[in-house]
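Notes to accompany the following structure.
Quick caveat: nothing in here was measured; it's all calculated off a predicted structure. Computation of the quantities below employed the complete heavy-atom set of this structure, encompassing side-chain atoms and omitting hydrogens, waters and symmetry-equivalent molecules.
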Amino acid sequence: AEQADALNLTTFETIAQRVPRTASLLVRGPFAEPAQLAPLAGRCDGVWIGSPFYRAANSTAFLARMVEAADKQELGT
């Protein structure tokens, strides 16, 4: 069973198919760990990170980890 705050990829796919290619697709989700970005690599234009960022003990370090993970996935490393 999925956690209540986990990203539902089925819902994401359904909605993503309806977004015109001329629009930017942003995903709002409970991204608290870099690995949670993996299913979105190459499938959206950005992610909106809210609560996990605000709750992080060190918000700068949290954001740095997430950006590094996103960069690695974009580059395929």
Side-chain angles (χ1 to χ4, degrees):
E2 287 186 272
Q3 292 179 338
D5 62 349
L7 178 66
N8 183 324
L9 291 176
T10 303
T11 301
F12 168 76
E13 290 295 336
T14 301
I15 294 170
Q17 292 174 10
R18 297 177 179 180
V19 176
R21 293 184 185 260
T22 56
S24 293
L25 180 60
L26 302 177
V27 178
R28 178 181 177 196
F31 307 109
E33 297 296 326
Q36 293 172 318
L37 300 175
L40 301 173
R43 299 164 77 188
C44 69
D45 299 302
V47 295
W48 174 357
I49 301 172
S51 296
F53 173 74
Y54 296 118
R55 292 181 185 145
N58 182 335
S59 57
T60 302
F62 171 82
L63 193 55
R65 280 193 352 257
M66 298 302 272
V67 169
E68 180 181 3
D71 284 345
K72 285 182 180 179
Q73 290 181 21
E74 184 176 296
L75 299 174
T77 58

### Message
Testing the basics here: between L37 and M66, what is the closest heavy-atom pair and its distance to 0.1 Å?
### Response
CD1-O, 3.6 Å

### Message
Give me the atom names and distance for the closest heavy-atom approach of S24 to D45.
### Response
CA-OD2, 3.1 Å

### Query
Would you say R28 has more than 12 foreign heavy atoms packed within less than 6.0 Å of its CZ?
no

### Query
Less than 4.5 Å apart, any side-chain heavy atom of W48 and any of L26?
no

What side-chain donor-acceptor pairs closer than 3.5 Å can you find for residues 56-64, not counting sequence neighbours?
unit_1, atom_1, unit_2, atom_2, d
N58, OD1, T60, N, 3.2
N58, OD1, A61, N, 3.0

### Message
Using the side chain to side chain contact (heavy atoms under 4.5 Å, CB included) criterion, which residues pair with A16? Sequence neighbours excluded.
### Response
F12, L25

